[in-house]
There are 2 protein chains.
Amino acid sequence: MLSKKCKYAIHALVYLAEKYQEGPVHIQEIAEKKHIPKKFLEAILLELRKAKVLGSKKGKGGGYYLDQKPTAINLMDIIRLMDGAIAMLPCVSLNYYEPCEECRNEKACGIREAFIKVRDETLQVLGGSTLDKILKREKSLAIK
Amino acid sequence: MLSKKCKYAIHALVYLAEKYQEGPVHIQEIAEKKHIPKKFLEAILLELRKAKVLGSKKGKGGGYYLDQKPTAINLMDIIRLMDGAIAMLPCVSLNYYEPCEECRNEKACGIREAFIKVRDETLQVLGGSTLDKILKREKSLAIK
DNA sequence: TCATTTATCTACTAAATCAGTAGACTTTAA
DNA sequence: TTAAAGTCTACTGATTTAGTAGATAAATGA
C-alpha cells in the first residue's frame with residue numbers, strides 16, 4: 001500500500017499540473033483544494049523540490065510550481081521518491097536492491113521469478129502514467 | 001514490500017510442498033531448514049492452519065502438512081492472508097476495499113485507472129504462481 | 001496411566017515507521 | 001520595514017512489525 005504521504009504527493013502534483021505555467025501556487029491553496037494537512041504537505045513539497053520535481057518561490061506571490069513538464073513526471077518516479085522501492089521483495093528491486101536474508105542462495109530461489117514479473121509490469125504501467133495523462137483522464141471523467 | 005511474516009510463510013509453504021504427502025513435518029525442522037525464528041513460525045503456521053491451507057497433528061510424530069494440493073495454493077492467496085490487500089490503493093482493492101479519504105469523488109479520480117491496471121496484472125501473475133510451479137522452478141535452478 | 005512430544009494459546013516487548021504538529025528562521029515583494 | 005510566503009529542526013502519539021516467554025492441551029507409546 002502507498003503511504004498517505006505518497007498519495008498526498010500525487011494529488012498535489014496533479015493539482016500543480018493543472019496550474020502548469022500559471023505561476024507559483026501556495027501551499028495553503030493546495031492543502032485546501034486537495035484536503036491535505038498543511039504542515040504535512042509542506043514537508044512533502046519540500047522533498048519534491050529537493051528532488052527537482054518542483055520549483056519554489058519565497059515571499060509574497062510565492063509558492064510551488066512544476067519544474068518539469070507534466071509529460072515528464074510519472075507515478076513511478078513519485079512513488080520511488082516518497083515510498084522507496086516499488087518491488088514487493090528487496091532482492092528484486094532495481095533501485096533499492098537488498099538481498100533477502102532468508103534466501104541463502106538467491107540464484108536458486110524459485111520465488112523471485114514471479115516477483116520480477118510483477119515488478120516489470122508494474123513499472124511499465126506506473127512509468128507510463130504521467131501527470132498529463134492523469135489530468136486528461138480526470139477531465140474526461142468529470143464530463144460524464 | 002512484503003512483510004517478513006509473509007516471506008516466511010511462502011518459504012515454509014514451499015518447504016511443505018516439497019514434502020507433500022510425506023506426513024506431518026514439525027515446526028522445528030521447517031524453522032531450521034528455512035532459517036526462520038521458531039516461535040515466529042509457530043504463529044504463522046497456526047494462521048495458515050486456521051485458513052485451511054495447512055493441517056496439523058499434535059503429539060509425537062505430529063507437525064504440519066499441506067491441506068491442499070500444491071497446484072491449488074498460490075502467492076496471491078498467501079499474500080492476502082499474511083499481509084492483506086495486494087492493491088497499492090485501498091480504493092482499488094478487491095478484497096480489502098476502503099474509500100480513499102483524500103478523494104472526495106472516487107468516480108472522477110484520474111489516478112485510480114493506473115492502479116487498477118497494476119492490480120489486475122499483479123493478481124494475474126501472483127494467482128498463477130502456485131507452489132508446485134515455484135518448486136519446479138527451484139529444482140530447475142538447482143541443476144545449473 | 002504417565003511421560004514425552006508436539007501443537008496451541010495468551011500475553012508481553014522493543015524497535016521502526018507513519019502521520020502528523022509546533023515553532024523559530026529566512027527570503028522576497030511591495 | 002513589514003507581511004507573506006517557504007525552510008528547517010525537533011518533537012509526538014499511534015500503529016505496525018518482528019519477535020519472545022511461558023503456560024496449556026492433545027496425542028502417542030511405553
Side-chain angles (χ1 to χ4, degrees), chain A residues 1-12 16 23-32 34-67 79 81-85 88-90 96 98 100-102, chain B residues 1-12 16 23-32 34-51 53-67 79 81-85 88 90 96 98 100-102:
Chain A
M1 283 280 175
L2 298 186
S3 66
K4 287 207 163 197
K5 185 180 161 194
C6 188
K7 284 195 269 179
Y8 290 158
I10 296 171
H11 283 289
L16 287 173
V25 179
H26 58 263
I27 299 178
Q28 188 66 42
E29 180 182 335
I30 307 171
E32 278 168 15
K34 292 296 184 170
H35 316 103
I36 304 172
K38 194 198 158 200
K39 270 293 186 183
F40 197 11
L41 183 59
E42 277 182 21
I44 294 167
L45 297 181
L46 199 55
E47 215 173 315
L48 290 169
R49 197 199 64 115
K50 285 178 179 162
K52 316 271 187 198
V53 175
L54 295 180
S56 68
K57 206 179 157 226
K58 284 185 175 182
K60 193 157 194 176
Y64 282 99
Y65 51 90
L66 287 195
D67 209 22
I79 294 173
L81 272 171
M82 295 294 118
D83 285 359
M88 298 182 87
L89 291 178
Y96 297 83
E98 267 182 76
C100 277
E101 313 131 40
E102 312 71 87
Chain B
M1 284 279 174
L2 297 185
S3 66
K4 286 208 164 196
K5 184 180 161 193
C6 188
K7 285 194 269 180
Y8 290 158
I10 296 171
H11 283 289
L16 288 173
V25 179
H26 58 263
I27 298 178
Q28 187 67 41
E29 179 182 336
I30 307 172
E32 278 167 17
K34 291 295 185 173
H35 316 103
I36 304 171
K38 194 197 159 201
K39 270 292 184 181
F40 197 11
L41 184 59
E42 277 182 18
I44 294 167
L45 297 181
L46 198 55
E47 214 172 314
L48 290 169
R49 197 199 64 117
K50 284 178 179 162
V53 174
L54 296 180
S56 67
K57 205 180 159 225
K58 285 184 176 182
K60 190 157 197 172
Y64 281 99
Y65 51 90
L66 287 195
D67 210 22
I79 294 172
L81 271 172
M82 294 292 119
D83 284 359
M88 299 182 86
Y96 298 83
E98 266 181 77
C100 277
E101 312 132 39
E102 311 73 85

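Below, chain A is the first sequence line, B the second, and so on; all start at residue 1.
Atom-to-atom, NZ of B/Lys57 to P of D/dT28 comes out at 4 Å; the value is rounded to the nearest Å. Across the protein-nucleic acid pair, A/Ile27 atom CD1 and D/dC8 atom P stand 12 Å apart, rounded to whole Å. Taking atom NZ of residue A/Lys60 and atom C1' of nucleotide D/dT2, one finds them 10 Å apart after rounding to whole Å. Remark: P of D/dA5 and CG of A/Leu45 are 15 Å apart, rounded to the nearest angstrom. Atom CG of A/Leu41 and atom P of D/dG6 are 9 Å apart (whole Å). The CD atom of A/Glu47 sits 14 Å away from the P atom of D/dT9 (whole-angstrom rounding). Atom CD1 of A/Ile44 and atom C1' of D/dC8 are 16 Å apart (whole Å). D/dA5 atom C1' lies 12 Å from atom CD1 of A/Ile30, rounded to whole Å.
Within 6.0 Å of CD in B/Glu98 there are 12 or fewer heavy atoms belonging to other residues, nucleotides or ligands.
Each of A/Lys4, A/His35, A/Lys7 was checked for a side-chain hydrogen bond (donor to acceptor under 3.5 Å, both in side chains) with B/Glu101, and the lone residue meeting it is A/Lys4.
Of the listed nucleotides (C/dT6, D/dC8, D/dT28), C/dT6 has the atom at the smallest distance from the side chain of B/Lys58.
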Could you give me the CA-CA distance, side-chain angles and deciding distance for B/Lys34 and B/Leu41, then say whether side chain to side chain contact (heavy atoms under 4.5 Å, CB included) is met?
CA-CA 10 Å; B/Lys34 291 295 185 173; B/Leu41 184 59; over 6 Å; no
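In summary, A/Lys50 and A/Glu47 do not engage in a salt bridge, as defined by a charged side-chain N under 4.0 Å from a carboxylate O.
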Quick one, give me the B/S/- string for nucleotides 14-21 of chain C, reading 5' to 3', where B means a protein heavy atom under 4.0 Å from the base and S means that only happens at the primed atoms, P, OP1 or OP2.
-----SSB
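Looking only at side-chain heavy atoms (C-beta outward), A/Met82 and A/Ile10 stay at 4.5 Å or farther from each other. By the 4.5 Å heavy-atom criterion applied to side chains, A/Asp67 and A/Val53 are not counted as neighbours.
Note on A/Glu42: a base of the nucleic acid sits closer than 4.0 angstrom, heavy atoms only.
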